[in-house]
Structure formats: C-alpha cells, structure tokens
Amino acid sequence: MCETTLDRSLAGHFSALEDPRCPIKRHHNLIDMVVIAIAATLCGADGWVAIAQFGRTKRPWFAQFLELPKGIPAHDTFGRVFGLLAPEAFETCFRAWATSIRDVIPGEIIAIDGKTLRRSHDRAKGLAALHVVSAWATANRVVLGQVATDAKSNEITAIPQLLALLRLQGCIVTIDAMGCQTKIAEQIIEQGADYVLALKGNQGTLATDVEEAFIDADARDYAGVDTQMHETHEHGHGRVETRRYRTLGDLSGVPRSTLWKGMNMIGMVESQREVAGKITRETRFYIGSIATDVACFARAVRDHWGVENDLHWSLDVAFREDDCRVRAPAARENLAVLRHIALTRLKNDNTKLGIKNKRLKAGWDERYLTKLLFEAPDAKPKTRVSDSPNISVA
C-alpha cells in the first residue's frame with residue numbers, strides 16, 4: 001500500500017481505526033476495506049453486495065495502492081466487519097476529515113436536523129428505525145457530524161451530544177422546534193455561537209407570548225421599538241412566493257425571555273404562496289441571539305432548509321437511503337456515515353453534474369474517482385453576510 005498517497009487523502013483519515021477483529025481471523029486489511037467501501041459508495045454502491053461487486057470489478061485499480069493480501073472481501077465479510085466496527089470511532093474519523101476541508105466562514109449557518117432511515121427497522125428483533133441527527137454547514141456544504149438515535153423523540157438528548165462534538169465559534173446554529181430548549185440555547189452560547197430557534201406549540205406560553213408581542217407592536221405600527229423588516233419575492237415553477245421577515249428587539253412582552261441565555265430578539269416570517277390561482281399563507285415565529293439584524297435572520301431561516309434540500313433530499317433521491325435494508329445496529333450506522341462521506345465529497349466537487357450523475361461518472365472514470373479520493377476538494381467561495389437593499393428599519 002502506498003502510505004504517502006493514503007496519508008494525504010480522504011481515506012488517510014481512517015488509517016488510525018482500531019480493527020475490532022481477532023488478529024488470527026483477519027484475512028483482509030481494515031483500511032483496504034474502508035477505502036473500497038468509500039470508493040464504492042462514491043460510485044453508486046448502496047449496500048454490501050454492491051460494494052463487494054465494485055471492489056472485484058475495480059481490483060486492478062485498487063491494487064495500485066492497497067495491499068489486498070487475500071483479494072477483495074466478500075459482501076458478507078464487509079457486512080460483518082462494518083457490523084463490528086464501533087460507529088463512534090468511524091464517525092470520529094469522518095468528523096476529522098470534514099473539519100480538515102471546512103473553511104472558517106464568519107456567521108456561517110450550522111443547521112441541525114434529524115432524519116429517519118425508514119427501512120432500517122427490524123420488527124422481529126424489536127429494533128426501531130435508525131434516526132440520525134446531523135449538523136450541516138450550509139456554506140461549506142459539509143456534514144460536520146452526526147449522532148444516531150432509535151427514535152425522533154430522542155433528538156432532544158442527541159442534539160446536545162452532537163453540538164459538543166463541533167467547533168461552533170462565530171457560527172449561527174439553527175434548529176427546528178424540537179430543539180428549542182433552554183439548555184440547548186445555553187450550550188450554543190457557551191460554545192461561542194449564536195442561535196435562531198423555531199417556535200411551535202411545544203413551547204406553549206413562549207410561542208403565544210412571541211406571537212402576541214408582534215400583534216401588539218404591529219398595532220402600534222412598530223413605533224419606538226427596535227425592529228427591521230425584509231421582503232423577498234420569488235417566481236418560478238408555476239408559483240409566486242412572497243416572504244416578509246420581521247425582527248423585534250423589544251422583549252418586554254415576552255417575560256420568559258429571561259430564561260434563555262443570550263436571547264435578544266424574536267423573529268416572524270410571513271409567507272404567501274400562489275400556485276395555479278390558489279393562495280396559501282403561513283406565519284412562523286422564532287427566538288434568537290442575533291439582535292435585530294434582519295438580513296442575518298432571513299439568511300438563517302432560509303439556509304436552515306439546506307439541511308433538508310441539500311442533505312436529506314440528496315440522500316433520499318441520489319443515494320436511495322430510505323430503501324436501504326441494512327439493519328444490524330452498528331452496520332447501519334456505519335453505512336449512514338459512508339453516505340455522508342460520499343455526499344460531502346461530491347458536494348465539494350465543482351464538476352457540473354448532479355449528485356446522481358457524479359456518482360455514475362466516478363464509477364466510469366477512474367481519473368475522476370482518483371480526484372475524489374486523493375485530491376483536496378475544490379475551493380469554495382468565501383461567503384459573508386451582506387446587507388440587503390430591501391431592508392427597512394423602524
């Protein structure tokens with residue numbers, strides 16, 4: 001194996017993994033299996049059978065930099081080894097690589113959200129479907145980390161664990177209403193970041209107080225209060241969408257705001273969508289620690305959906321994650337990490353193709369696959385928050 005080639009690569013970040021197998025039963029090098037699995041997942045393989053088949057097909061190419069003492073492992077060997085490999089250790093290696101390719105962007109949005117792998121359950125064994133809570137760096141297009149649970153209701157305990165693994169200094173963390181908890185807000189502030197948290201009925205009195213604060217301020221035409229407003233209009237795909245963002249710094253009507261560390265604003269988004277002559281309206285409320293900077297607030301709210309559109313949607317459509325039937329507890333978690341590795345690397349490649357076609361190209365073109373495995377990701381634009389000309393300040 002060419003150590004210098006691997007050491008500077010994506011695959012090189014996994015060379016320190018501890019092999020969980022008995023030494024006398026090891027017929028294949030662990031790093032060989034990890035490299036094959038990463039490469040195969042980049043190229044379209046979505047399970048152990050496909051990973052093993054890809055390895056056999058590409059054996060001459062892999063032999064250039066892997067030892068392969070006993071050739072390419074069988075699919076059940078891949079399944080068994082990844083079922084023994086500690087998910088926490090595998091995810092730690094992935095997180096180290098993700099950190100190494102991430103650019104520090106002031107004010108970057110870190111969106112936290114969960115996704116259930118629908119067919120990963122095993123009713124016969126009483127095993128619930130795997131639920132993964134992920135952190136998505138929206139400007140970097142990088143999965144920064146993930147924590148697995150066995151139920152969506154456990155997101156409240158998973159989110160603090162995930163946040164503790166991340167470098168958040170100078171970032172803005174966005175979370176949906178499930179994660180709108182005082183201890184989570186406090187942890188974000190203590191880790192040097194700000195937050196924008198969505199409100200729903202699960203916050204009861206707080207949600208009601210925020211809504212009434214906006215009603216009262218609107219009745220006074222926002223006179224004498226610290227507030228900003230920003231409006232956007234979008235046209236396309238047969239729909240017209242208008243969004244009005246409003247921030248408010250007067251928290252006198254929200255007495256529970258004192259329970260939230262760093263909270264210095266509340267936000268409201270009024271959305272109107274017209275499709276085929278039918279108009280629908282929705283109003284959403286938020287709390288945050290970003291003051292009344294409405295440009296920042298609008299970006300945080302919009303970019304939060306990147307975790308759905310750029311991450312979860314891609315996993316479902318390009319990787320068919322919800323169709324995966326791998327159910328062994330550790331194996332399904334490790335396979336989820338493999339998909340995150342592949343998606344992150346493909347998102348950070350500037351080839352003008354969609355994710356699905358990038359995977360096909362990687363399988364057909366060994367030069368492209370070599371680039372993905374052994375070269376640094378393409379440079380990303382250094383984005384920053386900029387003021388919008390459509391912002392009004394009361």
Side-chain angles (χ1 to χ4, degrees), residues 10 41 91-92 94-117 130-149 152 155-156 158-180 184 187-188 191 193-198 286 288 290 296-319 321-322 333 335-349 354-355 358 377-378 380-385:
L10 185 166
T41 305
E91 198 274 336
T92 296
F94 163 62
R95 195 167 62 250
W97 169 71
T99 299
S100 74
I101 67 170
R102 175 190 176 192
D103 291 333
V104 177
I105 301 175
E108 181 173 24
I109 306 302
I110 307 298
I112 308 292
D113 199 22
K115 181 181 184 297
T116 299
L117 284 63
L130 178 67
H131 188 78
V132 178
V133 180
S134 304
W136 176 252
T138 59
N140 275 276
R141 296 166 295 177
V142 169
V143 180
L144 297 178
Q146 56 271 311
V147 170
T149 75
K152 180 176 176 61
E155 279 192 22
I156 293 174
I159 290 173
Q161 297 173 33
L162 177 57
L163 292 174
L165 300 173
L166 307 177
R167 287 177 51 194
L168 300 177
Q169 186 75 34
C171 297
I172 299 172
V173 178
T174 61
I175 314 176
D176 64 15
M178 177 70 76
C180 189
I184 290 176
Q187 181 178 350
I188 292 169
Q191 289 187 228
D194 284 305
Y195 60 82
V196 173
L197 308 179
Y286 299 82
I290 59 172
C296 184
F297 172 62
R299 186 171 62 91
V301 171
R302 292 303 306 274
D303 283 6
H304 178 79
W305 294 109
V307 74
E308 289 287 349
N309 299 330
D310 290 337
L311 178 59
H312 295 165
W313 187 87
S314 294
L315 289 171
D316 284 341
V317 175
F319 289 80
E321 184 170 66
D322 277 348
E333 289 187 37
L335 191 55
V337 173
L338 284 172
R339 287 189 288 264
H340 280 167
I341 293 169
L343 180 61
T344 295
R345 184 61 188 91
L346 294 169
K347 286 283 187 180
N348 282 271
D349 173 72
I355 295 299
K358 284 183 181 180
D378 297 323
K380 297 177 285 294
K382 300 294 191 299
T383 55
R384 295 179 66 97
V385 180

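Listed by chain and number, the residues in a salt bridge (charged side-chain N to carboxylate O under 4.0 Å, His left out) with D303 amount to none (sequence neighbours excluded). Under the side chain to side chain contact (heavy atoms under 4.5 Å, CB included) criterion, W313 pairs with V317, not counting sequence neighbours. Residues satisfying the side-chain hydrogen bond (donor to acceptor under 3.5 Å, both in side chains) test with R302, not counting sequence neighbours, are E234. For E333, the side chain to side chain contact (heavy atoms under 4.5 Å, CB included) test picks out P87, L130, A148, with sequence neighbours left out. For the side-chain hydrogen bond (donor to acceptor under 3.5 Å, both in side chains) test, residues two or more places apart in sequence or in another chain that qualify with Q191 are Q187. Partners of E321 under the side-chain hydrogen bond (donor to acceptor under 3.5 Å, both in side chains) rule, at least two apart in sequence or in another chain, are K115, R339. Residues satisfying the side-chain hydrogen bond (donor to acceptor under 3.5 Å, both in side chains) test with D194, not counting sequence neighbours, are S289. By the ring-ring contact (aromatic ring centres under 6.0 Å, His included) test, Y286 is found to be paired with F297, residues two or more places apart in sequence or in another chain being considered.
Heavy atoms only, all atoms of each residue included: A139 and E108 are closest at N-OE2, 3.1 Å. Residues V143 and A98 approach most closely at O-CB, 3.4 Å, considering heavy atoms. Across S314 and K347, no two heavy atoms sit closer than the pair OG-NZ, 3.5 Å. Of all non-hydrogen atoms in A300 and I109, the two that sit nearest each other are CA-CD1, 3.7 Å.
Side-chain atoms of D322 do not come within 3.5 Å of backbone N or O of D316 as any donor-acceptor pair.
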Quiz item: Under the side chain to side chain contact (heavy atoms under 4.5 Å, CB included) criterion, do E155 and I175 qualify, and how do the steps go?
Solution: CA-CA 11 Å; E155 279 192 22; I175 314 176; 6.0 Å; no

Pairs under 3.5 angstrom only: tabulate donor-acceptor contacts from the side chains of residues 159-172 to other protein residues two or more places apart or in another chain.
from, atom 1, to, atom 2, distance (Å)
Q161, NE2, T157, O, 3.2

